[in-house]
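Read the structure below first, then the notes.
All chains are named by letter (A, B, ...) in the order of the sequence lines, taking the proteins before the strands, and each is independently numbered beginning at 1.
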Protein chains: 2
Amino acid sequence: MDVQQTIIDALKQAGINATAQRIAVGRYVLLEADHPTADEVKAAVDKVFPKISMATIYNTLHTLEKAGILRAVKLPHTGRVVYDRNMEPHYHMIDEESGTLTDLEAQRVKLQHELDKEYDIHEVEIFFRGVRKTDQ
Amino acid sequence: MDVQQTIIDALKQAGINATAQRIAVGRYVLLEADHPTADEVKAAVDKVFPKISMATIYNTLHTLEKAGILRAVKLPHTGRVVYDRNMEPHYHMIDEESGTLTDLEAQRVKLQHELDKEYDIHEVEIFFRGVRKTDQ
DNA sequence: TTTAATGCAAAGCGTTTGCACTGCT
DNA sequence: AGCAGTGCAAACGCTTTGCATTAAA
């Protein structure tokens, strides 16, 4: 099955009408990209689908979010939004040197607290910030 | 010792020239406020010091940040910046009902991971999101 | 034909900037 | 006079909006 069809199926499964623009955006953010900003999505999609408008980029990203197959992450250092196709529980490492954002599977971090006594906790967001050690 | 003098001393200690505007802003963000936005700082300071400009608000907040006596926190749900006078290591709880931000002392949350093997970690930011349980 | 999706341009919001003005020293 | 601090207004970057146009069912 080709990539195009994979995306069309994914969109349909999510209840999203698979238009050409949505397929192009979906293909990039759901299969190819790694935490892109909206700009980067536009730049990438433009190559394949010139003249797509920023409004459609945002519309589509919001549609994917609402459908539960994409997540917007607001970065605390820049304040910018990046899009994350990893829908599993996970945290983020921000490499201060490169600016790169890396996913950390939830099981790599153990959290202990007694906040449940006071709160119904719906989500825990963690950003680690640091630099990758030089391998030696 | 009165409040005014406390702030003047705090500013001087931080190497900041204690102008009238800075005292007004400092008094609010360092003593009175609880995670205010820049707007809220302006609104509060305006009562005491009408016609202060947004530029001066931001200038002063940045000056306090650079002096290490105030911290800017970018909220992941709204993307807005709030100012935090708590300079001890701590995390944040966002009450989804009220929008309130509460500090959580670092020792209330135990974090275990082996990321230090790969990274020099400079900071860990945690946002808990949930609602306060109804006392029963 | 009537509904959904798109594209454009304008507006919005919070923040930053440039620059002239003020007021201490 | 010199200089840090201030205020205004314009610019900024990203995102959202309104609305007319197009494509699709």
Side-chain angles (χ1 to χ4, degrees), chain A residues 7-8 11-12 14-29 33 35-46 48-67 70-84 99 101, chain B residues 7-8 11-12 14-29 33 35-46 48-67 70-84 99 101:
Chain A
I7 286 298
I8 294 175
L11 293 176
K12 288 199 173 143
I16 300 170
N17 209 333
T19 67
Q21 288 90 333
R22 285 172 174 176
I23 294 167
V25 171
R27 179 174 174 155
Y28 183 67
V29 297
H35 302 109
T37 61
D39 269 10
E40 287 163 357
V41 176
K42 169 139 173 51
V45 172
D46 259 340
V48 132
F49 201 116
K51 306 226 147 218
I52 192 169
S53 76
M54 219 41 195
T56 298
I57 297 286
Y58 279 110
N59 282 343
T60 304
L61 293 171
H62 293 159
T63 302
L64 298 177
E65 274 185 79
K66 277 172 207 142
L70 187 69
R71 192 187 293 179
V73 180
K74 216 159 258 167
L75 301 186
H77 54 315
T78 59
R80 299 200 60 180
V81 175
V82 299
Y83 294 89
D84 194 339
L101 195 71
Chain B
I7 285 298
I8 294 174
L11 293 175
K12 286 198 172 142
I16 300 170
N17 208 333
T19 66
Q21 288 91 333
R22 285 172 175 176
I23 293 166
V25 171
R27 179 172 175 158
Y28 183 67
V29 297
H35 302 107
T37 62
D39 269 10
E40 287 164 357
V41 175
K42 169 140 174 47
V45 173
D46 259 340
V48 131
F49 202 116
K51 305 226 146 221
I52 193 170
S53 76
M54 219 41 195
T56 298
I57 297 285
Y58 278 112
N59 281 343
T60 305
L61 294 171
H62 293 159
T63 302
L64 298 178
E65 274 185 78
K66 277 171 206 144
L70 187 69
R71 192 187 292 180
V73 180
K74 214 158 261 169
L75 302 186
H77 53 316
T78 59
R80 298 200 61 177
V81 175
V82 299
Y83 293 88
D84 194 340
L101 196 69

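Taken from OG1 in Thr60(B) to CD1 in Ile23(B), the straight-line distance is 11.0 Å, to the nearest 0.5 Å. One distance of note links NE2 of His35(A) with CG of Asp84(A); it measures 3.5 Å at 0.5 Å rounding.
When the side-chain hydrogen bond (donor to acceptor under 3.5 Å, both in side chains) test is applied to Thr56(B), the partners found at least two apart in sequence or on another chain are Ser53(B). In this structure Asp46(B) satisfies the side-chain hydrogen bond (donor to acceptor under 3.5 Å, both in side chains) test together with Lys42(B), sequence neighbours excluded. Looking at residues two or more places apart in sequence or on another chain, you find no side-chain contact (heavy atoms from CB on, under 4.5 Å) involving Ala43(B). Residues passing the side-chain hydrogen bond (donor to acceptor under 3.5 Å, both in side chains) test with Arg22(A), sequence neighbours excluded: none. Under the side-chain contact (heavy atoms from CB on, under 4.5 Å) criterion, Ala33(A) pairs with Tyr28(A), Pro36(A), sequence neighbours left out.
Of all nucleotides in DNA chain C, those with any atom nearer than 4.0 Å to a heavy atom of chain A start and finish, going 5' to 3', at dA5(C) to dC8(C). In the 5' to 3' direction, nucleotides of DNA chain D lying under 4.0 Å from heavy atoms of chain A begin and end at dC14(D) to dT17(D).
The shortest non-hydrogen separation linking Tyr83(B) to Ala72(B) is CE2-CB, 3.8 Å.
Two residues are said to be in side-chain contact when any heavy atoms from C-beta on lie closer than 4.5 Å; Val25(A) and Ile52(A) meet this criterion.
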Quick one: side chains of residues 74-82 of chain B, donor-acceptor pairs under 3.5 Å with protein atoms, not counting sequence neighbours, listed by atom name and distance.
| from | atom 1 | to | atom 2 | distance (Å) |
| --- | --- | --- | --- | --- |
| Thr78(B) | OG1 | Arg80(B) | N | 3.1 |

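If you find the closest nucleotide of DNA chain D to Asn59(A) and to Pro50(B), the one lying nearer the 5' end belongs to Pro50(B).
Using a 4.0 Å cut-off on heavy atoms, none of the residues of residues 16-25 of chain B approach DNA chain C.
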